[in-house]
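Before any comments, here is the structure.
When a residue number appears, it is its place in the shown sequence, counting from 1.
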Amino acid sequence: TKGNQGSYVASADFTVDTKDPAVSNATALQDSGADTFTFHYDVTEDLGNLTISLEISSNGGSTWVVPITSASGDVGAGITVGTNKTITWNGSVDYNNNEEQDMKIRITATDSHTNSGNASSANFDLDTFAPRVTSISVAQVAGSTNVTITYNLADQNNSLVELDISEDSGATWAATD
């Protein structure tokens with residue numbers, strides 16, 4: 001040294017965290033008979049709670065732009081580590097009137113030091129679009145009591161079709177057995 005040595009001050013204790021949180025086992029499934037979805041994941045971290053964010057893709061992960069205003073559960077700030085974490089999402093609120101076969105979720109965990117890790121689910125189906133019956137035609141075979149009803153059904157899933165019959169030009173309807 002050339003006589004320029006100064007004094008020093010010891011710092012307070014601090015933590016160095018360079019390890020990313022780990023997210024795994026991300027799964028997604030539409031709840032049976034409903035427009036809601038349940039997402040599960042596992043997350044590990046060595047230092048404290050996490051901020052969990054959810055992204056949804058309608059094209060197998062090429063883009064992540066599906067709206068997410070109705071998500072609840074293990075999402076947001078202050079989420080603890082653990083297995084089988086659950087997020088619920090209402091597709092009819094955020095993504096109504098859609099049928100998609102290549103939906104995907106991505107769960108990202110970020111720690112207090114901005115380290116992050118994520119995992120994506122496999123593709124899953126979404127159906128928030130009501131079945132559509134179109135092109136209805138009715139024909140009775142001449143000289144017979146048999147009636148043939150023909151229609152087109154548009155729906156991604158199997159749908160139950162109920163037939164109601166009116167004998168008074170639509171003023172009243174009765175379900176058939």
Next item on the list: Evaluate the criterion side-chain contact (heavy atoms from CB on, under 4.5 Å) for residue pair Thr110 and Leu50; output intermediate values, then yes/no.
Entry: CA-CA 6 Å; Thr110 305; Leu50 301 161; over 6 Å; no
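- Listed by chain and residue number, Thr88 satisfy the side chain to side chain donor-acceptor pair (under 3.5 Å) test with Ser72 (two or more places apart in sequence, or in another chain).
- Checking side-chain atoms of Ser121 against main-chain N and O of Ile105 turns up a donor-acceptor pair under 3.5 Å.
- When every heavy atom of Ile87 is checked against every heavy atom of Val75, the shortest pair comes out as CD1-CB, 3.9 Å.
- Considering only heavy atoms from C-beta on, Tyr41 stays 4.5 Å or farther from Asn25 through its side chain.
- Residues meeting the side-chain contact (heavy atoms from CB on, under 4.5 Å) test with Thr148, sequence neighbours left out: Thr150.
- Scored by the side-chain contact (heavy atoms from CB on, under 4.5 Å) test, Thr69 finds Val93, Asp94 as partners (sequence neighbours excluded).
- Applying the side-chain contact (heavy atoms from CB on, under 4.5 Å) test to Leu47 and every residue at least two apart in sequence or in another chain returns Thr15, Asp17, Glu45.
- The distance from the CD1 atom of Ile68 to the CG atom of Leu54 is 4.0 Å, given to the nearest 0.5 Å.
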Notebook entry, point to check: Leu29 and Thr38: side-chain contact (heavy atoms from CB on, under 4.5 Å), yes or no, with the steps?
Noted result: CA-CA 6 Å; Leu29 185 65; Thr38 301; 5.6 Å; no
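- Between the side chains of Thr27 and His40, no donor-acceptor pair is found at a separation under 3.5 Å.
- Using a 4.5 Å heavy-atom threshold, the side chains of Thr86 and Phe39 count as separate.
- The side-chain heavy atoms of Asn115 and Lys19, taken from C-beta on, include no pair separated by under 4.5 Å.
- A salt bridge (Lys or Arg N to Asp or Glu O under 4.0 Å) check over residues 63-87, counting only residues at least two apart or in different chains, returns nothing.
- One hydrophobic cluster holds both Val138 and Ile165 under the rule that ILVMFWY side chains link at heavy-atom gaps under 4.5 Å.
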Next item on the list: Begin from the C-alpha positions of Val66 and Met103 and carry the test side-chain contact (heavy atoms from CB on, under 4.5 Å) through to its verdict.
Entry: CA-CA 9 Å; Val66 173; Met103 301 292 292; 4.2 Å; yes
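- Under the side chain to side chain donor-acceptor pair (under 3.5 Å) criterion, Thr63 pairs with Asn59, not counting sequence neighbours.
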Check: Given the rule in the side-chain contact (heavy atoms from CB on, under 4.5 Å) test, do Gln30 and Asp125 qualify, once you have shown the distances and angles that lead to the verdict?
Finding: CA-CA 7 Å; Gln30 185 164 359; Asp125 293 346; 5.7 Å; no
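- With rounding to the nearest 0.5 Å, the separation of CG in Asp102 from OG in Ser62 is 8.0 Å.
- With sequence neighbours excluded, the residues forming a side-chain contact (heavy atoms from CB on, under 4.5 Å) with Ser24 are Asp42, listed by chain and number.
- The salt bridge (charged side-chain N to carboxylate O under 4.0 Å, His left out) check on Glu55 picks up Arg106, with sequence neighbours excluded.
- When Asp20, Thr108, Ile107 are each tested for a side chain to side chain contact (heavy atoms under 4.5 Å, CB included) with Asn118, only one passes: Thr108.
- Residue pairs meeting the ring pair (Phe, Tyr, Trp, His ring centres under 6.0 Å) criterion with at least one member in residues 51-73: none, sequence neighbours excluded.
- With values rounded to the nearest 0.5 angstrom, Gln101 atom CD is found 12.5 Å from Ser58 atom OG.
- At least one donor-acceptor pair closer than 3.5 Å links the side chain of Thr128 to the backbone N or O of Asn98.
- The stretch residues 65-102 participates, sequence neighbours left out, in these ring pair (Phe, Tyr, Trp, His ring centres under 6.0 Å) pairs: Phe37-Trp89.
- When all heavy atoms are compared, the tightest approach of Ile52 to Ala109 is CD1-CB, 3.6 Å.
- Glu167 CD: 12 or fewer foreign heavy atoms inside a 6.0 Å radius.
- Listed by chain and residue number, Ser92 satisfy the side chain to side chain donor-acceptor pair (under 3.5 Å) test with Asn90 (two or more places apart in sequence, or in another chain).
- With sequence neighbours excluded, the residues that form a side chain to side chain donor-acceptor pair (under 3.5 Å) with Asp168 are Ser166, Thr172.
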